[in-house]
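Since the structure comes first, as structure tokens, the remarks are kept for the end.
The figures here come from the full heavy-atom set of this structure, side chains too, leaving out hydrogens, waters and symmetry mates. Residue numbers begin at 1 in each chain, while the letters A, B, ... track the order of the sequences.
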Amino acid sequence: MAERYNPAEIETRWQQRWEEDRLDEAHIDPSKPKWYFLTMFPYTSGDLHIGHWYAEAPADAAARYRRMKGYNVLRPFGYDSFGLPAENAAIEAGVHPHTWTVENIARMRNQLKTMGCMFDWSKEVATYLPEYYRWNQWFFLQFYKRGLVYRAKAPANWCPHCQTVLANEQVENGACERCHTPVTRRDLDQWLIRITNYAEELLDFSQLQWPEKILLMQRNWIGRSEGVDLEFPLDPSTGSGQALEEKSIHVFTTRPDTVYGVTFMVLAPEHGLVAGLTTDERRAEVEAYVEQARRQTEIERTSTEREKTGVFIGAYCRNPFSGQRVPIFVADYALVSYGTGAVMGVPAHDYRDFAFAARYDLPVIAVIAPPNWQPGQALPDAFVGPGPMVNSGSFDGTFTPGDWSKLSEFEQRALAERWAFDFEQMAERVRRERGDGIAAVASEAERRGWGRRTVTYHLRDWLISRQRYWGTPIPVVYCEEHGVVLVPEDQLPVLLPPDAEFRPTGESPLASHEAFVNTTCPQCGRPARRETDTMDTFVDSSWYFLRYINPTYDRGPLDPNAARYWLPVDQYTGGAEHAVKHLLYARFFWKVCRDLGLVQGDEPFARLFNQGIILAEDRQKMSKSRPEFVVAPDELLANVGADAVRAFLMFIGPWDLGGSWSRQGIQGISRWLQRVWSLVLAGRPHANDEAPLTDRRQLQQRLHQTIRKVEGDLEDFRFNTAIAALMEYSNFLQEARVESEEDWDEAIDVLLRLMAPFTPHIAEELWTRLGKSYSIHQQPFPAWDSALADAEEVTLVVQVNGRVRDRLLVPVSISESEARTLALQSERVRSHLTAEVERLVYVPGRLINIVTR
RNA sequence: GGGGAAGUGUCGGAACCGGUAGACGAGCAUGACUUAGGAUCAUGUGCCAAUACGGCGUGGGAGUUCGAAUCUCCCCUUCCCCACCA
């Protein structure tokens with residue numbers, strides 16, 4: 001009786017051996033093409049769950065395949081280990097975040113090793129270590145010197161639960177992405193990074209082989225809008241008596257063609273001019289409104305269902321084009337964070353303004369004539385479509401496209417229906433029309449000095465200050481004499497003191513640590529205070545992949561020598577949830593690094609692949625409240641083994657779609673591995689029985705077809721069909737009766753090499769047991785020969801009027817006339833030929849369709 | 001409100017260019033072997049009929065085509081992302 005497959009024993013044995021032999025360490029080798037294969041590093045949240053396996057196991061198979069194809073593959077691993085979750089968990093458990101993090105990393109590392117992945121452990125990186133965050137601080141200094149870091153007092157997203165500010169990207173539906181508490185606003189002095197300087201370049205995706213979906217999300221997030229900054233002079237006859245430096249209000253508009261339709265002006269509640277412009281009699285009401293806007297959460301404030309509200313502030317400005325006096329309102333539908341924080345209200349041609357005007361009984365002046373509209377007629381709704389300008393002084397009659405080209409076809413059709421005009425005709429008219437009211441008014445504004453063309457982005461500057469403990473201290477000192485002073489490079493790192501009170505109070509925890517706060521000014525040596533905020537952890541993750549290439553290098557964040565060889569990353573894999581956070585920040589960081597001369601090229605990640613999400617059996621997302629899914633169960637590893645878990649996760653479906661985790665299906669993989677085990681160890685099946693001999697040519701054909709299929713699937717991350725092909729192949733071998741020992745050996749040799757990327761342990765074990773040289777993971781991937789893979793005979797389907805009536809086995813080389821003859825001779829076909837044959841459609845190698853009258 | 005992805009047996013899924021729908025697994029059924037098994041092996045398994053060389057089948061409805069899961073239009077459902085962007 002042959003020995004049974006015992007995955008637990010085999011797997012631990014090989015994992016130890018590979019580690020001892022440093023099989024997976026990558027070294028610079030100019031004689032080989034390199035392949036930097038990166039997977040997003042995990043947050044150190046504790047035990048590994050099946051989601052981690054899902055991110056790592058298929059990527060490992062793809063990386064192992066690359067290595068077998070002759071690439072020098074770099075496959076590092078690290079830990080994103082600063083940040084709120086560590087702190088929150090530590091507070092809950094009453095442990096220091098440092099202890100919590102160190103323990104988690106140790107546990108995660110051990111659990112990771114049971115997966116049998118080809119990680120190069122010599123390049124491990126953890127962001128909480130001073131050797132790492134020292135370079136965050138170094139980057140901060142370089143950014144500062146290049147004018148890419150600045151300090152500003154601005155209303156910031158504030159999470160009342162986490163007691164810290166958040167970047168725009170970390171607010172989801174108006175709530176904190178971590179704890180889902182509704183976000184409010186707070187005015188604080190904050191450090192920001194000028195990512196907007198790179199907005200234009202970040203919109204260039206031409207060098208990226210990324211999923212369209214992600215590019216689209218980044219494009220939308222950056223949100224480029226071309227428009228005009230228009231200046232509306234303040235009316236001197238109104239307003240408060242306060243002396244104002246500002247003489248005008250700036251608005252950003254994409255629709256200057258509607259400027260004659262302005263009937264009011266809206267300032268965001270946080271707009272700097274509100275307090276100064278408000279008249280005394282309006283002051284109480286305005287202040288109450290501003291105060292309630294401030295208290296509201298983002299969710300309440302940005303709900304689209306909500307009615308537009310606002311308050312007249314008593315002041316007026318003047319429309320430079322029409323000369324008309326325009327009342328100024330404060331309303332929370334204007335956002336400080338977009339454009340100039342002020343909106344020109346054109347109710348006739350903007351839905352929001354229309355709703356606002358309706359509520360406060362403000363005039364609606366149509367300045368673009370909708371189809372079938374008569375002058376003087378009231379508008380039932382805002383009209384955003386194209387048409388001739390009216391009520392617009394010298395611009396009357398100028399055609400303007402309105403929002404037409406910005407609308408999707410769907411929206412255009414809806415608009416056509418709403419205003420009862422012909423969609424096709426209008427589309428054609430806009431295409432043909434040479435007039436452009438938008439450009440005409442914009443040019444006029446520039447000529448008269450009333451405004452200038454400008455581009456506005458949805459992307460905000462990146463707010464990196466955090467009022468929390470567990471992060472990188474910002475290397476800045478405040479001196480009474482010298483103000484903001486940077487900590488000199490040779491004094492880095494500014495160490496995070498281990499003994500600070502880290503419980504959040506709303507104040508930065510470091511502020512109460514006297515020994516940390518009190519320092520001396522690097523310039524004059526007199527007493528000074530340290531900055532007590534820490535950095536957003538997205539700073540850490542923006543460049544970790546640069547550190548991997550040589551994590552011990554101490555003369556800079558990255559080793560230039562290693563950088564020249566390894567960078568950029570050839571393949572990046574990870575979840576799509578980072579589409580506009582990490583992936584945008586990392587692209588930005590790279591571009592700055594390029595400008596600092598640290599790296600070459602414009603993009604860090606040439607190719608990107610997003611795996612899907614793995615759900616529990618009942619399609620619930622895995623979570624901490626469901627411990628049965630949080631831990632990749634030891635018991636599972638003991639029973640079926642890591643190879644089976646790996647292969648099952650790849651077999652479950654396409655990697656980018658994710659799927660449900662079920663223990664049931666894993667039996668199928670386990671059985672397959674058992675069958676392969678017996679097949680390989682038992683030797684040629686049916687060697688001595690009466691079964692018909694398998695044709696040698698057919699054996700080779702299956703072998704080469706399988707290599708071709710598995711290779712193609714691995715190139716495209718289609719692991720599920722690759723494994724199905726391997727199953728088909730091993731099932732075929734099980735049925736086969738192969739005469740020659742050599743042929744059999746070749747067939748098995750190929751099977752094991754093809755399995756090695758997916759199930760590395762069993763492949764290595766069987767390989768060794770067959771007496772082949774260690775290690776299978778250093779063997780080349782088998783090559784296929786299309787002459788051998790291509791079939792000599794094909795099944796020709798014969799259809800009558802599109803219905804399959806017969807299948808004929810014919811040589812590939814069959815001529816059309818031979819095929820016709822054979823098809824028409826077929827008994828099965830003839831019985832369906834009840835009418836005269838009209839024509840014959842012949843698709844070589846596939847089918848013949850006989851069409852009758 | 002906008003954008004995107006997807007709907008195929010009992011289940012996960014396959015079908016890459018418009019050309020054999022359901023590969024490969026799971027589950028189920030029957031049988032074999034077994035003291036027993038959630039072990040192993042064999043056979044079957046889309047639905048309806050059951051005489052088969054039959055009919056119907058890829059969310060629903062239309063269309064293009066010799067031929068549609070695949071292309072076009074309308075409708076329905078699910079998931080994801082963004083959401084007062086002036």
All N/O pairs under 3.5 Å across the protein-nucleotides 44-50 of chain B interface:
none

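- As rounded to whole Å, 15 Å separates atom C1' of B:C79 from atom CD of A:Glu577.
- To the nearest angstrom, P of B:C66 lies 16 Å from CZ of A:Arg820.
- Glycosidic conformation, B:C76: anti, with the torsion outside 90° of 0.
- The distance between atom CE of A:Met650 and atom P of B:A14, rounded to the nearest whole Å, is 16 Å.
- With a glycosidic angle further than 90° from 0, B:G59 counts as anti.
- Side-chain contact of A:Tyr360 with A:Thr309: a donor-acceptor pair under 3.5 Å is absent, judged by distance alone.
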Hey, what are the protein-to-nucleotides 51-53 of chain B N/O distances that come in under 3.5 Å?
| unit_1 | atom_1 | unit_2 | atom_2 | d |
| --- | --- | --- | --- | --- |
| B:C53 | O2 | A:Ser831 | OG | 2.6 |

Give me the distances for all protein-to-nucleotides 2-11 of chain B N/O pairs that come in under 3.5 Å?
| unit_1 | atom_1 | unit_2 | atom_2 | d |
| --- | --- | --- | --- | --- |
| B:G3 | OP1 | A:Ser408 | OG | 2.5 |

Extract from the structure each pairing of a protein N or O with an N or O of nucleotides 15-25 of chain B at less than 3.5 Å, listing the distance.
| unit_1 | atom_1 | unit_2 | atom_2 | d |
| --- | --- | --- | --- | --- |
| B:C16 | N4 | A:Lys709 | NZ | 3.1 |
| B:G19 | N2 | A:Gln799 | OE1 | 3.4 |
| B:U20 | O2 | A:Arg807 | NE | 2.7 |
| B:U20 | O2 | A:Arg807 | NH2 | 3.4 |
| B:A23 | O2' | A:Glu728 | OE1 | 3.4 |
| B:A23 | O2' | A:Glu728 | OE2 | 3.3 |
| B:G25 | OP1 | A:Asn731 | ND2 | 2.6 |

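- Legend: residues meeting ring pair (Phe, Tyr, Trp, His ring centres under 6.0 Å) with A:Trp450, ordered by chain and number and at least two apart, are A:Phe321.
- Rounded to a whole angstrom, the distance from the C1' atom of B:U45 to that of B:U10 is 11 Å.
- Listed by first residue number, the stems of RNA chain B with at least three Watson-Crick or G-U pairs below 3.5 Å are B:1-7 with B:76-82, B:10-12 with B:24-26, B:27-32 with B:40-45, B:46-48 with B:54-56, B:59-63 with B:71-75.
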